[in-house]
Amino acid sequence: MVCLSGPTGAGKTAAALALAGVFPVSVINADSRQVYRDFPLITAQPSPEERGRCPHLLYGFLPTEEKLGAGEYARLAAAAIREESEKGRLPVLVGGTGLYFKALLEGIAPIPDIPPDISAHWQKRCDEEGSVALHALLAGHDPAYAAKIHPNDRQRIMRALEVWQATGKPFSWWHARPMEASPHAACKIGLELPMAELEPILQRRIELMLRAGALEEAETALKRCADPEAPGWSGIGCAELHAHLGGRISLEECRALWFKNTRAYAKRQNTWFRADRDIRRFRPEETEAIVRHVRAAREYASGGQRG
RNA sequence: GCCGGGGUAGCUCAGUUGGUAGAGCAGCGGACUGAAAAUCCGCGUGUGGGCAGUUCAAUUCUGUCCCCCGGCA
């Protein structure tokens, strides 16, 4: 399979379709936001026209009020990869969510789902006592993991505490258990663009989204699910439009915030993918080189099977 | 022209009873095991508007000039 990563706006969809012009590609989403049904435009999902050019899986199927954890994603993606491979198609994972790629390729600790009341309990305690106090508490039960995370990192502190309470085992105990990595060899490709070149693209894309009806999309989504805390609303663009529709910020402020947050996100994605030395990097317009690279990887893989 | 407020980091500002300054945001770098478009961490030399004066020492006090904002003319 091929894993196509890179920051938002770098042209992953176009590169995937270029591959689809040469190989029997099935595109599988690897983006935590493009799974949402109510935000096809704002999360930059492939258009219906684009989806018509080859099979596309795991896009736009989740309602706004539901969340898709990395483990559940990895299961869905692994099943899709297996099915498409069996059909003789080349699975091309496309997305910008580093944790999803990691969970899929390297596996993820087999931790059971946490009952919602336990999560809510730690959320409440964190609000009341603060993350530093809970970090100290965590250090008493799981010093190894507490040492790895910062006392301000409430999200990770709460996750570790709820796993510990719900399973009776420390978070780091779970991490030490064997994980199920993907059996498929991955050809990792990363699109890369200097921030100075990416910036105007991101700026322009927001304007295009607004012109194409992003406000209307958010209004419709608001009728289905008005809760700004719902998982689907936490996407960049979604949250800003929600605030604007609620009258909390002007459209101009919305635009500015949307761009600022998108840019910061692209930087975080670069940091994540830069750390992976197995990724072969290309500029977005190097489609021919990308095709050659994938062809070579496929020949190597099939040769390896024979020999 | 007069009266008041102000000129300090890229931006918005704080502070220094005189010992040459620090927050937020932005920017840059990093971490990342089920919310990950999330959640966090690290990085701060800037002619303190210009010039002069007082002082051992001025961003701080004094004078003067320049610029911005509000009011009065």
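Below, each value reflects all heavy atoms present in this structure, side chains not excepted, and no hydrogens, waters or symmetry copies. Quick note on labels: first sequence line is chain A, next is B, and so on, each numbered from 1.
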Worksheet item: Can B:rG34 be described as syn, meaning its chi torsion is within 90° of 0, or is it anti?
Response: syn

Practice prompt. Measure centre to centre between the rings of A:F171 and A:H141, then say whether the value is under 6.0 Å.
Written response: no

Practice prompt. May I ask you to evaluate whether A:R33 reaches the phosphate of B:rA36, defined as a side-chain N or O under 4.0 Å from OP1 or OP2?
Written response: yes

Discussion item. Whether the A:T43 and A:Q45 side chains hold a donor-acceptor pair (N or O, under 3.5 Å, no angle test) is what I'd like checked.
Written reply: yes

Worksheet item: Atom NE2 of A:H135 and atom P of B:rC41: how far apart are they, to the nearest Å?
Response: 12 Å

Discussion item. Strictly below 4.0 Å: does A:N261 bring a side-chain N or O up to OP1 or OP2 of B:rA37?
Written reply: no

Item to complete: Check whether any side-chain N or O of A:R159 sits under 4.0 Å from OP1 or OP2 of B:rG34, and answer yes or no.
Response: yes

Discussion item. Between B:rG19 and B:rA58, how many Å separate the two P atoms, rounded to a whole number?
Written reply: 11 Å

Discussion item. Check this one for me: any side-chain N or O of A:T97 less than 4.0 Å away from OP1 or OP2 of B:rA36?
Written reply: no

Discussion item. I want to check one thing: is the phosphate of B:rG27, taken as OP1 and OP2, less than 4.0 Å away from some side-chain N or O of A:R263?
Written reply: yes

Worksheet item: Judged by modelled atom types alone, do A:R89 and A:S26 share a side-chain donor-acceptor pair under 3.5 Å?
Response: yes

Worksheet item: Between A:Y73 and B:rG34, does any side-chain N or O lie under 4.0 Å from OP1 or OP2?
Response: no

Discussion item. Between B:rG63 and B:rG10, how many Å separate the two P atoms, rounded to a whole number?
Written reply: 30 Å

Worksheet item: Starting at the 5' end of RNA chain B, which residue's closest nucleotide do you reach first, A:G96 or A:H150?
Response: A:G96

Worksheet item: Within the pair A:R156 and B:rU33, is there a side-chain N or O less than 4.0 Å away from OP1 or OP2?
Response: yes

Practice prompt. Output yes when A:R255 and A:E207 qualify as a salt bridge under the 4.0 Å nitrogen-oxygen rule, no when they do not.
Written response: yes

Worksheet item: Is the phosphate of B:rG29, meaning OP1 or OP2, less than 4.0 Å from a side-chain N or O of A:K267?
Response: yes

Discussion item. Less than 4.0 angstrom between a side-chain N/O of A:K148 and OP1 or OP2 of B:rC32, yes or no?
Written reply: no

Item to complete: Would you kindly check whether a donor in the side chain of A:R154 faces an acceptor in the base of B:rU39, or vice versa, at under 3.5 angstrom?
Response: no

Worksheet item: Any side-chain donor-acceptor pair under 3.5 Å between A:T97 and A:R33?
Response: no

